[in-house]
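Note on naming: letters A, B, ... go to the chains in the order of the sequence lines (proteins, then strands), and numbering restarts at 1 for each one.
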Amino acid sequence: MDSKPANPKPLEDIFDSSVNLEETHFQEGYKDGFNDGLVLGKQEGREVGLKLGFEVGEELGFYRGCVDVWNAANRVDSSCFSSRVQKNIRQMEELIEKYPFLDPENESVQEIMDALRSKFRAISATLSLKLEYDGYPKSTDVKDLEF
Amino acid sequence: MDLLEGNLELKEIQKLEGHTDRVWSVAWNPATGAAGIPAMFASCSGDKTVRIWQQTPSARCSASFECKAVLEETHNRTVRSCAWSPSGKLLATASFDATTAIWEHIGDDFECVSTLEGHENEVKSVSWNASGSLLATCSRDKSVWIWEVQPGNEFECVAVLQGHTQDVKMVKWHPFMDVLFSCSYDNTVKVWAEDGDTDDWHCVQTLGEPNNGHTSTVWALSFNSTGDKMVTCSDDLTLKIWETDSRIPQETDGYMPWRHLSTLTGYHDRTIFSVHWSSEGVIASGAADDAIRLFIENKDGLEELNASFSWAHRTANGMADTLAKQGVFR
C-alpha cells in the first residue's frame, strides 16, 4: 500500500500520511469485517429463518388441522358445537388465513399468533379438550411457588 | 350509626377450628344472613378442602357457627379462593391445582357439578359478576379467563385475556357493570370490558405508576356499595382509593376511566394482603404486620377508626372480607 502522496507536497503532507495510516487501517478493517459479516449474517439468517419458519409453520399447521377437524364434525352434526364455539372456530380460521406467511417481517405476526393461541385455549377449555400444542413455550417457566 | 363518634371495638367472638392447614380466604353466602336465613360462609384452605360454616339459628347475638359441610376429594392442591354466585346456589373454588371447581348447593349438600380447566398453573382468584352469568378466574400464568354460565351448569370459555406481565393475584367484577378488574404482581390494576356484545374483551385501562398507582404487587381490590369508588392494597404498604364518574356509561360512550383519589400510607408496615369495602362504608385492611385496620371517610378524606389492633392470626390475610361483611362492631 502506497501511503506516499502522488505529488511531492509541502512538509505537512509527510505527516499527513501517518495520520492517514490510522484512518486507512480503520477503513480496511471495517471493509473486512463488513464482508465477513455479510457472509456469516446470510448464513445465520438462513438458519434462523429455517428454524423459526418451521416452528411457525408447524404451529399454524396444527391449528389448521384442528379447525379442519372441527369443521368436518360441524358438517356431520351442526349442533355439536354451541354458537359461541362455532364463532370461535370461524375466527380461528380467519386468523390462520390472515397470517402473512410470505411476509415474516410483518408486524402483526406475533399478534395473530397470540390471538390464535388464545382462541385455541378458549375453544379447548369449553370443549374440555386436553389437547395441547407441544411446540411453543408456555407463558411461565418452572418457577418457585408464590402465594 | 356515626362510626366516627363511637368507641369502636373489634372483638373476636368465635374461633373456628377444623382446617388442618392455613385458611386462605373466606366468603359469605350472599343469600344468607337475613330474612331468617342463618348466615353461612365458606372457607378455603391449604388442606385442599373447603368448609361450609353456618350460624346456628338459636344463638343470635353471640354468633355460633358450626361446620355444616366439608368439600373435599376434588382439588389436589391448596384451595386459594372461593366465591358464591349472587343467588347463593353455586360456589366456585379456585385451586393451585390449576382448576376451578363449581359446587351446587342443594339443601344441605354440596355437589361438584363442573370443573373449569384451562389455566396453566395456580388459579389465584375467582369472581362472579353481578347477575351471576359470568365467572372470571386469574392465575400465575398471567392470564384472566372469563366463563359464561350455560344451562345445566355448563361453562363456556368466553375469553382468555392476556395483558398482565406477571402473576395475577385477584379478579373482581364491578358491583353492577359487567366490567372486570384484575390486579397483579406486575404492580398494576387492569380494567377489562367487552366491545358491545361480541365476546371481544380487552383491557380498557391500566392503573399503574404513571396514574399514581402502586409501586409493588397489588394484592386485592374492593368496591364501595355505589360502585364509583375502589380501594386497592399492595406490597408497597399503601392503600389507594380510586374513583370514577358515577354516571352510568351510555351505550356508545363506552367506558368511564378511573383515577387516583388518595393514598393511605403509614398504617401498615408490612405487605397489605387484603382489603374490603363494606356496604356500610367501612374499609378493612389486613396485613402481614398481623394487624387489621378499619377506615372510614370523613369530610376531609379517609380516616382511621380507633379499631385497629393485632389479630391473633399470624397474617391477617383474607380476614378483611369477613369483618367488613359481618360488621362486628360492638
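Within the model, atoms OG1 of A/Thr126 and CD of B/Glu117 stand 12.5 Å from one another, a figure rounded to the nearest 0.5 Å. Remark: B/Asp141 CG to A/Arg121 CZ distance equals 5.5 Å, nearest 0.5 Å.
Only the side chain of A/Asn88 comes within less than 4.5 Å of a heavy atom of chain B; its backbone N, CA, C and O stay farther away. Looking at A/Lys119, there are no atoms closer than 4.5 Å to chain B (heavy atoms on both sides), in backbone or side chain. Residue contact with chain B, scored on non-hydrogen atoms closer than 4.5 Å, is absent for A/Ser124. Of the two parts of B/Glu154, neither the backbone nor the side chain holds a non-hydrogen atom closer than 4.5 Å to a non-hydrogen atom of chain A.
With sequence neighbours excluded, the residues satisfying side-chain contact (heavy atoms from CB on, under 4.5 Å) with B/Thr217 are B/Lys169, B/Tyr185, B/Trp219, B/Asp235. Residues forming a side-chain contact (heavy atoms from CB on, under 4.5 Å) with B/Ser133 (at least two apart in sequence, or on another chain): B/Asn129, B/Ser131.
More than 12 non-hydrogen atoms from other residues, nucleotides or ligands lie less than 6.0 angstrom from NZ of A/Lys87. Around CD of A/Glu111, the count of heavy atoms belonging to other residues, nucleotides or ligands within 6.0 Å does not exceed 12. Residue A/Phe54 places its CZ atom among 12 or fewer non-hydrogen atoms of other residues, nucleotides or ligands, all under 6.0 Å distant. Counted within 6.0 Å of CD on A/Glu44, heavy atoms from surrounding residues, nucleotides or ligands total 12 or fewer; the atom is thus considered open.
Considering all non-hydrogen atoms of both residues, B/Cys157 and A/Ala125 come closest at CB-CB, 4.2 Å.
The salt bridge (Lys or Arg N to Asp or Glu O under 4.0 Å) pairs that include a residue from residues 62-74 of chain A are A/Arg64-A/Asp68, A/Arg64-A/Glu93, A/Arg64-A/Glu97, where partners are two or more places apart or lie in different chains.
Of all residues in residues 76-85 of chain A, those placing a non-hydrogen atom less than 4.5 angstrom from a non-hydrogen atom of chain B are A/Ser82, A/Arg84, A/Val85.
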